[in-house]
Protein chains: 2
Amino acid sequence: MAVGIKDVARIAQVSPATVSRVLSGRSVDPAMHERVLAAVKSTGYRPNLAARRLRSQHTNTIGLIVADIRNPFFTAVSRAIESLAAARGMRVILCNTDEDPAKEAAYLELMHEERVTGVILAPCRQHPHKSALPAPDYPLILIDRSLPGSALDSVLLDNDAMAEQLVRHLHEQGHRRITGLFGSASSTGIERRAGFERAMLDLGLDAEAIAVPHDTATAQRMVVERLTAPDRPDAILASNGVLLLSVLGALRDLGLSVPGDIALAGFDNNDWMEFVGTGLSVIEQPVEEIGRTAMTMLLDRLDHAEAPARKVVLAGRLIARGSSAPRTPTPTPA
Amino acid sequence: MAVGIKDVARIAQVSPATVSRVLSGRSVDPAMHERVLAAVKSTGYRPNLAARRLRSQHTNTIGLIVADIRNPFFTAVSRAIESLAAARGMRVILCNTDEDPAKEAAYLELMHEERVTGVILAPCRQHPHKSALPAPDYPLILIDRSLPGSALDSVLLDNDAMAEQLVRHLHEQGHRRITGLFGSASSTGIERRAGFERAMLDLGLDAEAIAVPHDTATAQRMVVERLTAPDRPDAILASNGVLLLSVLGALRDLGLSVPGDIALAGFDNNDWMEFVGTGLSVIEQPVEEIGRTAMTMLLDRLDHAEAPARKVVLAGRLIARGSSAPRTPTPTPA
DNA sequence: CGAGCATGAGAAAACGTTTTCTGAAACGAT
DNA sequence: ATCGTTTCAGAAAACGTTTTCTCATGCTCG
């Protein structure tokens, strides 16, 4: 039924080895080369990847494990990585953990069973007690979030500096009472909070930073509470996308408009953001660059298994919107 | 270096066959069972999936090829399918064609080489001359879009009826001059247009339907042109997400507000939609149901290869927003 | 002109499992 | 008690490739 390399060999009147050589582009006699190609075409032969991987011992496959496939940032990074991998003739297995440490662990395990060349991982927000994952036997590159305990290769946004840039932007727009909302479970939230607090301090302002749970309903309730309390802020900085939506929900419930009543800023640029109010100012992440860097580090790590762990920190780009006097975006060096 | 089943067998003092049997849950002597498990744990043995797949001849893997991973609809369906597959102990390979027929063809080819159990495909908008793909040797289920030429299993939204529902909704809100924008390259666009035109006709209204290219800039320009021409519509129906954003861009450029100056409705519900203006009315697709149906049809097809092709058409749900007098959503049977 | 060497193609081994085959032991039926 | 049947575990084959090994051919160079 299914056509194998032996069938092709028989039809081309060569040995299976020769077919293999032709298919992997090694030099063979032109006449045979011709015959093999013809036989492949006539039989519709497709190599069995399982067999190929078993024998050749390399899978040309990298695993990409992201924490939330619904987050546009992750889909953008996935696209970038997928296309870089394809250019190198590699496949990528895309996995989604839904921020579930158990699923993450299961997928890391699976990657092992797949004998992948390496893995790029955006780890879960909250990690189990043993935050350090057991040293895997494939190269592992972290993106977007770092892991407190372990020293692993990672490529991250300069969260600290980007939060500062957002604060300064809001300050330039005349806002003084700025409240920051931060997820407390992830390294990004913590770093962004640090940058926020430092920037506010530098500007001589009170830094009101609130740690907010990931749960949307609770977050929104907390925001409503804060906005109805005395000394309502004139600007809010949300450290991630779901938080930003919670704030929008709270503002709508309270009948407040952006940026008329209150300014709003956050992270990750989405196509719809220019359409709520007169726009949200955000930090856009260099997804292409993140993907490329992660890929490069991964391939590099294959050659230098014992090199010390590297951490690459990339700058984002401020997309300034929502001001009455529109400013041009400030480009940052890549 | 790498530990194989033979190492486990040696340590457990049984044959490799017995290890295999234990691991696949077949009954063995309790004492041996115990020893094998202990040996597996002590060695950290992980089976080689390539070898397993080669020998057992089934991959327990399904391919999921979507046209645009950035489209939230597709990520939602992916999540659903992934979780259904996991529940059945199957893996899914997620591929993104970026609406490129060449990439689609390459991925279908790749699925063959992976010897997948089956494939769920959301085909590209525009298909090459030979729109019918060559009959694959795995079950193939289409989702979201159908292929004009070929009779394949497919699960689709009832685009015609949903477009009609949107039109009636707009009509109930008092809108009469409704313009529909439709992508002309996909079956969904064509079906939605048909439903739109029929519904308008039923209501005794002029159906102004405009075919719009997928390119955002061009689309936006066309919308601006239409809105500055005489007889400006008081409602716009956009047949897909990117079109909807183009309309929003045009409205912003023209300084028009939603729904104050003009109503806007579309397909696919996104979390941000309640925050532009006072909300956009949309048809929400039953992603969970779509995933489950596709999966069921796929597994079913494995047993009944020769059964006639089936087409399942699912109803969506109207999310009514943006009216001055808020209405409750109309639930439709699933 | 012959020895050594590069080239290239077929034969056969190898990759790490699962599955079939084989034989021994245990059990039930006559 | 004997024979047949079932159960269970080990030996060995098989899955479809790639790669190593082997050998023949043709070439270069001394």
Take nucleotides 10-21 of chain C nucleotide by nucleotide from the 5' end and write B, S or -, depending on whether a protein heavy atom sits under 4.0 Å from the base, only from the sugar-phosphate, or from neither. BB-BBBBBBBB-
Whole-Å distance, A:D29 CG to D:dG26 P, equals 12 Å
Rounded to 10°, the helix from C:dC1-D:dG30 to C:dT30-D:dA1 deviates from straight, judged by its five-pair end axes, by 40°
Salt bridge or not for B:E289 and B:R292, using N-O below 4.0 Å? yes
Main-chain N/O of A:V242 paired with A:N240 side-chain donor or acceptor, under 3.5 Å: yes
Considering residues at least two apart in sequence or located in another chain, which fulfil the side-chain contact (heavy atoms from CB on, under 4.5 Å) criterion with A:A122? A:F74, A:I143
When you check the gap from the basic side-chain N to the acidic O, do B:E99 and B:R145 get nearer than 4.0 Å? yes
Does anything in residues 39-64 of chain A form a salt bridge (Lys or Arg N to Asp or Glu O under 4.0 Å)? List the pairs, not counting sequence neighbours. A:R46-B:E109, A:R53-B:E114
Holding to side chain to side chain donor-acceptor pair (under 3.5 Å), I want the full list of residues that pass it with A:D7, two or more places apart in sequence or in another chain. A:R10
Tell me, please, which residues at least two apart from B:D144 pass salt bridge (charged side-chain N to carboxylate O under 4.0 Å, His left out). none
Donor-acceptor pair between B:S15 and B:T18 side chains, under 3.5 angstrom: yes
